[in-house]
Structures are given as structure tokens and as C-alpha cells.
Asker: 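Below is one structure. I have some questions about it.
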Amino acid sequence: MDKQTVISNFDFNGTLVDVKPYGSGHINDTFLMICEADGSECHYILQKMNTDIFRNPDELMENIMNVTSFLRKKIIENGGDPQRETLNVIPTKSGQSYYRDDQDGCWRMYTFIEDATSYDQVKKPDDFYQTAVAFGNFQYLLSEFSAEVLHETIPNFHNTIDRFAKFKQAVKEDVCKRAKDVQKEIQFVLDREDLAYAMCTMLKNNELPLRVTHNDTKLNNIMIDNKTGKGVCVIDLDTVMPGLAGNDFGDSIRFGANTAAEDEVDLSKVSCDLNLFELYTKGFTEGCRGSLTKKEIETLPLGAKTMTFECGMRFLTDYLQGDTYFKVHREGHNLDRCRTQFALVADMEKKWDQMMEIVKKYE
Ligand code: ADP
Ligand code: GN1
Ligand code: MG
């Protein structure tokens with residue numbers, strides 16, 4: 001179905017002028033709608049949800065409605081602006097949270113967060129610090145949210161043990177006959193089985209608490225206010241589910257403290273910037289407002305290493321399976337991404353003692 005027809009089914013304010021692809025997310029198809037209302041330009045985000053990945057759009061949208069209405073109340077209580085500080089779903093004309101087209105494509109619309117930017121790379125260290133405060137605060141705000149109402153939108157999302165098993169299965173099946181070319185990368189994973197088990201085992205043993213977390217805390221999933229420089233809104237709420245604080249911390253480090261892009265081909269540019277690591281630790285612990293346990297803080301470096309390893313393993317699994325999960329824009333894109341993640345894990349292994357020293361200051 002064409003986008004104009006899809007859009008005509010939503011109850012938004014204004015007339016559509018243009019609609020074009022937007023952002024650099026790896027999962028959903030995102031579009032910017034340029035509209036006109038009362039003589040001035042306004043914008044909306046239109047998204048075709050990836051229903052190959054999110055199998056149950058009803059449950060997914062129920063999560064988003066529940067989380068955003070909870071956040072809206074908290075933001076109002078704290079004197080904030082609920083139009084900018086959380087996602088706002090624009091309903092369809094029949095009052096639904098998403099629209100299903102005649103080919104079962106599922107679409108949703110959000111108000112556009114104006115005067116704010118989502119970055120693909122850290123431009124100023126303070127921006128990274130501000131995103132840490134905002135992600136920490138997001139988790140803090142959700143600490144009173146009842147986890148029981150949340151559906152698991154992607155089962156075992158950060159179950160690294162399960163990811164490891166699925167990786168080994170993909171190597172065994174080798175459907176695209178690519179395994180022979182990536183023996184070094186496969187061995188890198190197999191040599192780190194302990195790492196795949198570490199955080200999950202601590203959760204199982206109740207050494208780490210289960211919280212409501214975002215689970216996809218990369219830099220471009222947060223909007224930074226163009227004027228104040230503060231993290232104004234956490235977006236991409238598709239994976240808000242029970243999880244580990246260390247994983248939210250870790251995924252931000254994986255992406256934002258890397259001195260290179262996620263898909264950089266020159267691996268000599270990849271490293272974990274310890275100044276950014278420290279700034280994020282400071283911001284995240286402040287944002288969580290003292291709610292993290294001593295063990296959670298101690299294991300933040302492990303969260304960073306685990307999320308980087310897991311993500312690299314997911315890119316490699318997808319490469320072996322024929323690039324069916326993450327959007328790719330060139331041949332070998334997932335393999336390039338996998339290699340940066342493994343180079344970053346190797347760099348963290350070298351800097352491990354320093355990373356542990358840094359987090360000690362914030363216990
Ligand atoms: P994906 O799951 O594919 O990553 P996202 O929900 O993160 O999709 O959206 C992709 C990009 O679109 C974001 O990184 C951001 O740049 C932009 N975006 C999404 N929602 C909004 C919004 N409400 N206002 C402004 N920009 C947005
Ligand atoms: C995906 O949706 P996006 O692009 O913000 C992925 C994350 C990965 C990330 C790697 C639902 O995030 O888990 O860490 O790519 N999201 C999903 O860049 O799988
Ligand atoms: Mg995203």
C-alpha cells in the first residue's frame with residue numbers, strides 16, 4: 001500500500017506535503033512526514049514496524065502505550081514537557097495505536113521531537129555524558145513501572161547464553177557457505193564462551209537484580225536538545241523489557257565510546273575511549289540516582305564487554321544466515337560490523353584493569 005494511503009488513515013493535524021526515508025535505525029522502516037498546519041510546517045514520524053522481528057505488533061504497541069503513558073504521568077509530576085520528553089503515539093482515525101494495511105504491513109505514527117538531534121557518533125564528550133544521565137534517568141523513572149504488564153517483544157533478547165547457542169547452530173548449518181571465510185571471527189567467539197555466560201549466570205544466581213530496562217541504548221536512540229544539549233527524550237521503545245542495568249550501560253558504551261563507527265572497515269581506528277567510558281559511568285550512575293547496587297556498579301565494565309561481544313556475535317550470526325535481520329547497505333556489512341565489535345572487545349580486554357578502576361570511583 002502506498003504511504004499516502006497509509007497516512008490518510010491516521011488522525012494527525014495538518015496536510016501532508018512530503019514523506020521521505022529518515023534516520024539510520026537497523027530495524028524498522030522510518031519516514032519523516034513534512035506537513036503543513038495553520039500556515040506553518042510541522043513533522044511526524046511514520047514507521048513501518050518490522051514484523052519479521054517483532055512478531056506480535058499488538059503486544060508491541062501495548063507495551064509502548066503502557067510505557068509512554070506511565071512516563072507521561074511522571075514527566076508531568078516532575079514539571080517536564082510530555083510532548084517532547086516521551087514518545088507520543090498518534091492514533092489511527094478508528095482510535096487504534098497502529099494501522100494494518102491490506103498486505104498486513106503494520107504502521108505507527110509519532111509526533112516528531114522538534115529542535116533535537118539523534119547522533120550516530122559522539123561529537124562532544126558532554127553530549128555523551130548527557131545521554132548517560134538521560135538513559136539512567138529513564139531506568140530510574142521506570143523503577144516503579146510494573147514489569148508484569150510488559151510483553152516480551154523479542155524472546156531472549158539479551159540472553160547471551162541463548163545467543164551463543166544460536167550462533168553455534170548458525171555455524172553448524174552454514175546455510176550461505178560463508179563460515180569458511182570467517183574462521184578467525186568464529187574462533188574469537190568460541191574462545192569466549194565464559195563471557196557469554198557471565199552476566200546471565202549472575203542474574204540466575206540473584207547476584208544482579210532484574211529491572212525494567214530499555215535494552216537498545218545506542219546513541220541514536222536518544223534525542224539531544226539542540227539548545228540545552230541535554231538528553232531530552234529516549235526513543236525506540238520497542239525493546240523495553242525486564243533486563244539488566246549493566247546491559248543498558250554496556251550497549252551505550254559499545255556504540256558511543258567506540259572511537260570508530262560501528263561499521264568502520266579500518267580496525268586500527270577502533271578503541272574504547274576511556275574518557276568517554278568514565279563520563280558515561282558518571283552520568284549513568286547519577287541518572288540512576290543511587291539506585292544501582294554495589295554489584296551492579298562493579299559489573300558495569302562486564303556489561304560493556306558482554307554487550308559488545310553479544311552484538312558482534314549477532315552481526316556474525318546474521319552474516320552467516322544471509323543478512324536477514326539487520327538492514328545492510330553493502331556487501332559484507334554485517335561482517336564489517338562484527339569485526340569492529342570484536343576489535344572493541346579485544347581493546348576492552350587490554351584496558352580491563354583501568355575500566356574496573358574507573359567504576360570503583362562511582363560505587
Ligand atoms: P529503529 O528501530 O529502526 O532503530 P527508531 O525508532 O530508532 O527505529 O527510529 C529511527 C530513527 O528515526 C531514530 O534514530 C531517530 O533519528 C528518528 N526518530 C524516531 N522517532 C523519532 C521522533 N519521535 N522524533 C524525531 N526523530 C525520531
Ligand atoms: C538494532 O533498532 P536499532 O537500530 O536502534 C538492534 C540492537 C542492536 C543495534 C546494533 C531490536 O538497534 O539490538 O544493538 O541494532 N535492535 C533490535 O546497532 O534488534
Ligand atoms: Mg533505533
Side-chain angles (χ1 to χ4, degrees), residues 24-29 49-55 120 152-201 215-218 220 236 238-239 241 243 247 250-251 253-255 258 260-270 272 303-349:
S24 42
H26 293 342
I27 304 296
N28 297 298
D29 293 335
M49 295 178 258
N50 187 329
T51 45
D52 290 333
I53 291 178
F54 298 105
R55 298 297 180 122
D120 285 322
E152 204 177 12
T153 55
I154 301 180
N156 291 315
F157 190 59
H158 283 319
N159 180 344
T160 318
I161 300 175
D162 184 65
R163 296 278 184 193
F164 187 78
K166 286 187 175 133
F167 163 78
K168 284 202 297 188
Q169 187 66 21
V171 175
K172 200 163 136 204
E173 288 170 3
D174 194 18
V175 287
C176 297
K177 303 276 169 278
R178 288 175 167 177
K180 62 179 183 330
D181 307 323
V182 291
Q183 283 304 307
K184 213 173 101 200
E185 288 74 16
I186 292 173
Q187 198 53 48
F188 187 94
V189 178
L190 298 177
D191 288 345
R192 286 162 183 77
E193 184 166 3
D194 288 0
L195 181 55
Y197 277 74
M199 293 283 277
C200 289
T201 307
N215 294 306
D216 190 0
T217 49
K218 72 177 174 184
N220 63 18
D236 202 345
D238 294 336
T239 51
M241 287 184 280
N247 288 347
D251 203 39
I253 296 298
R254 171 192 81 72
F255 191 87
N258 185 355
E262 189 183 64
D263 59 358
E264 173 61 57
V265 284
D266 179 357
L267 295 182
S268 71
K269 292 186 180 160
V270 175
C272 178
K305 195 160 57 147
T306 306
M307 280 300 98
T308 312
F309 174 67
E310 184 193 273
C311 196
M313 188 163 67
R314 291 173 63 197
F315 288 140
L316 186 55
T317 305
D318 200 28
Y319 178 74
L320 290 169
Q321 292 178 330
D323 309 306
T324 57
Y325 186 95
F326 297 101
K327 280 183 202 285
V328 287
H329 307 291
R330 60 178 189 246
E331 211 169 298
H333 206 168
N334 270 320
L335 181 57
D336 293 340
R337 291 170 176 153
C338 149
R339 286 177 171 151
T340 60
Q341 301 309 293
F342 292 168
L344 193 56
V345 171
D347 192 54
M348 288 176 184
E349 288 171 350

Asker: Which is it for Arg178 and Asp181 under the salt bridge (Lys or Arg N to Asp or Glu O under 4.0 Å) test, yes or no, and what are the steps along the way?
Answerer: CA-CA 6 Å; Arg178 288 175 167 177; Asp181 307 323; over 6 Å; no
Asker: Under the ring pair (Phe, Tyr, Trp, His ring centres under 6.0 Å) test, which residues partner His333, sequence neighbours left out?
Answerer: His329
Asker: So, using side-chain hydrogen bond (donor to acceptor under 3.5 Å, both in side chains) as the criterion, who are the partners of Asp174 when residues are at least two apart?
Answerer: none
Asker: Taking the side chain from Thr308 and the backbone from Val345, do they hold a donor-acceptor pair closer than 3.5 Å?
Answerer: no
Asker: Tell me, please, which residues at least two apart from Asp347 pass side-chain contact (heavy atoms from CB on, under 4.5 Å).
Answerer: Ser271, Cys272, Lys350, Lys351
Asker: For the backbone of Asp238 and the side chain of Asp216, can you confirm whether one donor and one acceptor N or O come within less than 3.5 Å of each other?
Answerer: no
Asker: Measure across Ala343 and Val270 and return the closest heavy-atom pair with its distance rounded to 0.1 Å.
Answerer: CB-CG1, 3.9 Å
Asker: Give the C-alpha distance, both sets of side-chain angles, the deciding distance and a yes or no for salt bridge (Lys or Arg N to Asp or Glu O under 4.0 Å) between Arg330 and Asp336.
Answerer: CA-CA 10 Å; Arg330 60 178 189 246; Asp336 293 340; 3.1 Å; yes
Asker: Check this for me: Lys184, atom NZ, are more than 12 non-hydrogen atoms of other residues, nucleotides or ligands nearer than 6.0 Å?
Answerer: no
Asker: Going from CE on Met313 to CZ on Arg192, what distance comes out if it is rounded to the nearest 0.5 angstrom?
Answerer: 12.0 Å
Asker: Quick one: do Arg337 and Val328 satisfy side-chain contact (heavy atoms from CB on, under 4.5 Å)? Show the steps, please.
Answerer: CA-CA 10 Å; Arg337 291 170 176 153; Val328 287; 3.9 Å; yes
Asker: Roughly how far, to the nearest 0.5 Å, is the OG1 atom of Thr340 from the CG atom of Asp266?
Answerer: 11.5 Å
Asker: Show every ring pair (Phe, Tyr, Trp, His ring centres under 6.0 Å) that has at least one partner inside residues 163-183, sequence neighbours left out.
Answerer: none
Asker: Measuring from atom CG of Asn247 to atom OG1 of Thr160, what distance do you get when rounded to the nearest 0.5 angstrom?
Answerer: 6.0 Å
Asker: Can you pull the ring pair (Phe, Tyr, Trp, His ring centres under 6.0 Å) pairs that have at least one residue in residues 170-197, sequence neighbours excluded?
Answerer: Phe188-Phe342
Asker: Can you see which heavy atom on Lys180 is nearest to which on Lys177, and at what distance?
Answerer: NZ-O, 3.0 Å
Asker: How many angstroms lie between atom CD of Glu349 and atom CZ of Phe309, to the nearest 0.5 angstrom?
Answerer: 9.5 Å
Asker: Can you sort out the partners of Glu173 under side-chain hydrogen bond (donor to acceptor under 3.5 Å, both in side chains), two or more places apart, ordered by chain and number?
Answerer: Gln169
Asker: For Phe315, enumerate each residue passing the ring pair (Phe, Tyr, Trp, His ring centres under 6.0 Å) test, keeping only those at least two apart in sequence or located in another chain.
Answerer: Phe326
Asker: Indicate the atoms forming the closest heavy-atom contact of Ala170 with Thr317, along with that distance.
Answerer: CB-CG2, 3.8 Å
Asker: Using every non-hydrogen atom in the two residues, find where Gln341 and Cys311 come nearest and quote the distance to one decimal.
Answerer: OE1-CB, 4.2 Å
Asker: What pairs with Asn159 under side-chain hydrogen bond (donor to acceptor under 3.5 Å, both in side chains), at least two apart in sequence or on another chain?
Answerer: Asn156
Asker: Are side-chain heavy atoms of His158 and Asn215 found at a separation under 4.5 Å?
Answerer: yes
Asker: Apply side-chain hydrogen bond (donor to acceptor under 3.5 Å, both in side chains) to residues Asp191 and Gln187 and explain how you reach the verdict.
Answerer: CA-CA 6 Å; Asp191 288 345; Gln187 198 53 48; 2.9 Å; yes
Asker: Please tell me if the side chains of Thr306 and Leu195 come closer than 4.5 Å, counting only heavy atoms from C-beta onward.
Answerer: yes
Asker: Does Asn334 reach the main-chain N or O of Asp318 with its side chain, forming a donor-acceptor pair under 3.5 Å?
Answerer: no
Asker: Which pairs with one or both residues in residues 152-169 pass salt bridge (charged side-chain N to carboxylate O under 4.0 Å, His left out), sequence neighbours excluded?
Answerer: Asp162-Lys166
Asker: Under the rule for side-chain hydrogen bond (donor to acceptor under 3.5 Å, both in side chains), what residues qualify as partners of Asp194, not counting sequence neighbours?
Answerer: none
Asker: Atom CG of Asp263 and atom CG of Leu335: how far apart are they, to the nearest 0.5 Å?
Answerer: 12.0 Å
Asker: Looking only at heavy atoms, which two atoms of Gly312 and Cys338 are closest? And how far apart?
Answerer: O-CB, 3.7 Å
Asker: My understanding is that only residues two or more places apart in sequence, or in another chain, count here; which of them pass side-chain contact (heavy atoms from CB on, under 4.5 Å) with Asn50?
Answerer: Ile27, Asn28, Asp52, Ile53
Asker: Among pairs that include at least one residue of residues 304-316, which meet salt bridge (charged side-chain N to carboxylate O under 4.0 Å, His left out), considering only residues two or more places apart or in two chains?
Answerer: none
